[in-house]
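Working notes for the structure below.
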Amino acid sequence: MTAPIAVRRLNAADQDFARHLDHLLSWESVSDDGVNQRVLEIIQAVRERGDAALVEYTQRFDGLEVAAMADLILPRERLELALTRISAEQRQALEVAAERVRSYHEQQKQDSWRYTEADGTVLGQKVTPLDRAGLYVPGGKASYPSSVLMNAIPAKVAGVPEVVMVVPTPRGEINEIVLAAAAIAGVDRVFTIGGAQAVAALAYGTESVPPVDKIVGPGNIYVATAKRHVFGKVGIDMIAGPSEILVVCDGQTDPDWIAMDLFSQAEHDEDAQSILVSPDAAFLDRVAESIGKLLPTMERAEIIRTSLEGRGALIQVADMAQAIAVANRIAPEHLELSVADPEAWLPEIRHAGAIFMGRYTAEALGDYVAGPNHVLPTSGTARFSSPLGVYDFQKRSSIIFCSPDGASELGKSASVLARGESLTAHARSAEYRIK
């Protein structure tokens, strides 16, 4: 007999609600000293010994008998072969998802612009794609082809000429659907390496792996720690915490639907967070019943149980306005507005990675095929950051083209400000252009 599940209940009216909520939300994705030191050693080895270090670490960590770096390179033909090895149903689903992701991200493209002032001075902005992007993909059985699409397609839409993918193949396990996704997304080069050593290779380059300008994609604690350390040499997307969902419901959605939406994040891993907020106490009771009823039917029941009991919550609020206030306080990765009129509440939402509107919009649709990116800010970082997008693979350069009159007029003010900062060469440089 399955043990009953106990998901914590919180009430926003309680005096110590804020303290309990802070405790619930606290998450430290900090590497311990051992992990940190090991990662630094790996990065140093890859910088010093290049391909030889990659081969050695792949033998040691992935259990692969490889003789040389050539054994860790997958040609484009191998990706095309994967398209023939997956089922027709899988290929069609990948192509539908890819087309929708591409169409959505086409809307994000930014163009260069400029304007001319009255004296002929031209100011503007030049938008340029990165030269090369690196995509980290977790390997083995727990592989995510959807992440390949979500990371590689925006880069291609942005105009990045070369996307390099690294994916470990522990014990030789190759996930065909991941390679097929890479083919469909337009990935240019693939190396079967993983861990901190793959991140180091992308950041610094080796004899075989070209250095990239930005590294994106999820990974374990070693990958996340390595991304922290190489940031500055290259750009990174983010240091992501566990997956999160916050459902705001008015009490009128089928409780089984809501329970399953909570499960959809809890099944990721034990640290994932699923929270329901509603002004309807009886509805919270019904969802709790649905959780107990549906949990035994889930393949990943124990992971879901651990997640919900450790980091989940059913929160009662006074009304919908307070529900939205709690949502903004949490700043969730995924926010479901499972209410009668989501449009009415949308203007009040200030912090969320992605907002799923209405009772029929399951967060799972956003993970795969809706179109918007599923790489989203976690752990409250939606307060200041955004989903991965085309803009992450473009950079902007300012354009300043002064006419003689413009240089003369601007030089007068620049001179005053420069002398105020005691930077005489700045001042004189500007003054030379004053008529």
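Treat the numbers as computed from the prediction; the structure is a model and nothing was measured.
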Would you call [X] and [Y] a side-chain contact if the rule is heavy atoms closer than 4.5 Å?
| X | Y | answer |
| --- | --- | --- |
| Met69 | Phe191 | yes |
| Leu388 | Met150 | no |
| Leu337 | Ile349 | yes |
| Glu162 | Asp131 | no |
| Glu173 | Asn175 | no |
| Gln108 | Val157 | no |
| Met357 | Leu346 | yes |
| Phe17 | Ile315 | yes |

Gap between atom [atom2] of [Y] and atom [atom1] of [X] - 0.5 Å precision:
| X | Y | atom1 | atom2 | result |
| --- | --- | --- | --- | --- |
| Trp113 | Arg396 | CH2 | CZ | 11.0 Å |
| Ile303 | Arg305 | CD1 | CZ | 13.0 Å |
| Ile330 | Ser379 | CD1 | OG | 12.5 Å |
| Asp280 | Met320 | CG | CE | 11.5 Å |
| Leu335 | Ile324 | CG | CD1 | 7.0 Å |
| Gln90 | Leu83 | CD | CG | 11.0 Å |

*Gln265 side-chain N/O to Gln273 backbone N/O, donor-acceptor pair under 3.5 Å*: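 No, Gln265 side chain to Gln273 backbone: no donor-acceptor pair under 3.5 Å.
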*Taking Tyr57 for its side chain and Asp62 for its backbone only, find out whether a donor-acceptor pair lies under 3.5 Å.*
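Not a single qualifying donor-acceptor pair exists.
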*So does Gln110 have more than 12 non-hydrogen atoms from other groups sitting under 6.0 Å from CD?*
yes
*More than 12 non-hydrogen atoms from neighbouring residues, nucleotides or ligands closer than 6.0 Å to OH on Tyr360, yes or no?*
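At most 12 heavy atoms, drawn from other residues, nucleotides or ligands, come within 6.0 Å of this atom.
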*When you look at Asp392 and Asp237, which way does the side chain to side chain contact (heavy atoms under 4.5 Å, CB included) test go after all the steps?*
CA-CA 8 Å; Asp392 289 294; Asp237 49 356; over 6 Å; no
Do the charged groups of [X] and [Y] touch, with an N to O distance under 4.0 Å?
| X | Y | result |
| --- | --- | --- |
| Arg132 | Asp188 | no |
| Arg359 | Asp261 | no |
| Glu176 | Arg78 | yes |
| Arg91 | Glu95 | yes |
| Glu289 | Lys293 | no |

If I compare all heavy atoms of [X] with all of [Y], which pair ends up nearest, and what's the gap?
| X | Y | result |
| --- | --- | --- |
| Arg171 | Leu64 | C-CD2, 3.8 Å |
| Leu149 | Ala181 | CD2-O, 3.7 Å |
| Ser274 | Ala266 | OG-N, 3.5 Å |
| Thr128 | Lys126 | OG1-NZ, 3.1 Å |
| Asn151 | Phe393 | O-CZ, 3.6 Å |
| Ser278 | Cys249 | OG-O, 2.9 Å |

_We want to know whether Glu333 and Thr378 form a side-chain donor-acceptor pair, criterion being a heavy-atom distance below 3.5 angstrom._
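Looking only at side-chain atoms, Thr378 and Glu333 do not form any donor-acceptor pair under 3.5 Å.
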_Polar contact flag, side-chain donor to acceptor under 3.5 angstrom, Glu99-Ser103_ = yes
_Stepwise salt bridge (charged side-chain N to carboxylate O under 4.0 Å, His left out) check, Arg19 with Asp14_ = CA-CA 10 Å; Arg19 181 174 61 82; Asp14 291 347; over 6 Å; no
*Stepwise, does the side chain to side chain contact (heavy atoms under 4.5 Å, CB included) test hold for Tyr144 with Val137?*
CA-CA 8 Å; Tyr144 300 102; Val137 179; over 6 Å; no
*Test log, rule side chain to side chain contact (heavy atoms under 4.5 Å, CB included), inputs Leu94 and Ile86*: CA-CA 10 Å; Leu94 281 177; Ile86 62 175; 3.9 Å; yes
*Would Arg311 and Trp27 satisfy side chain to side chain contact (heavy atoms under 4.5 Å, CB included), going step by step from the backbone distance to the final call?*
CA-CA 10 Å; Arg311 303 198 72 219; Trp27 172 256; 3.7 Å; yes
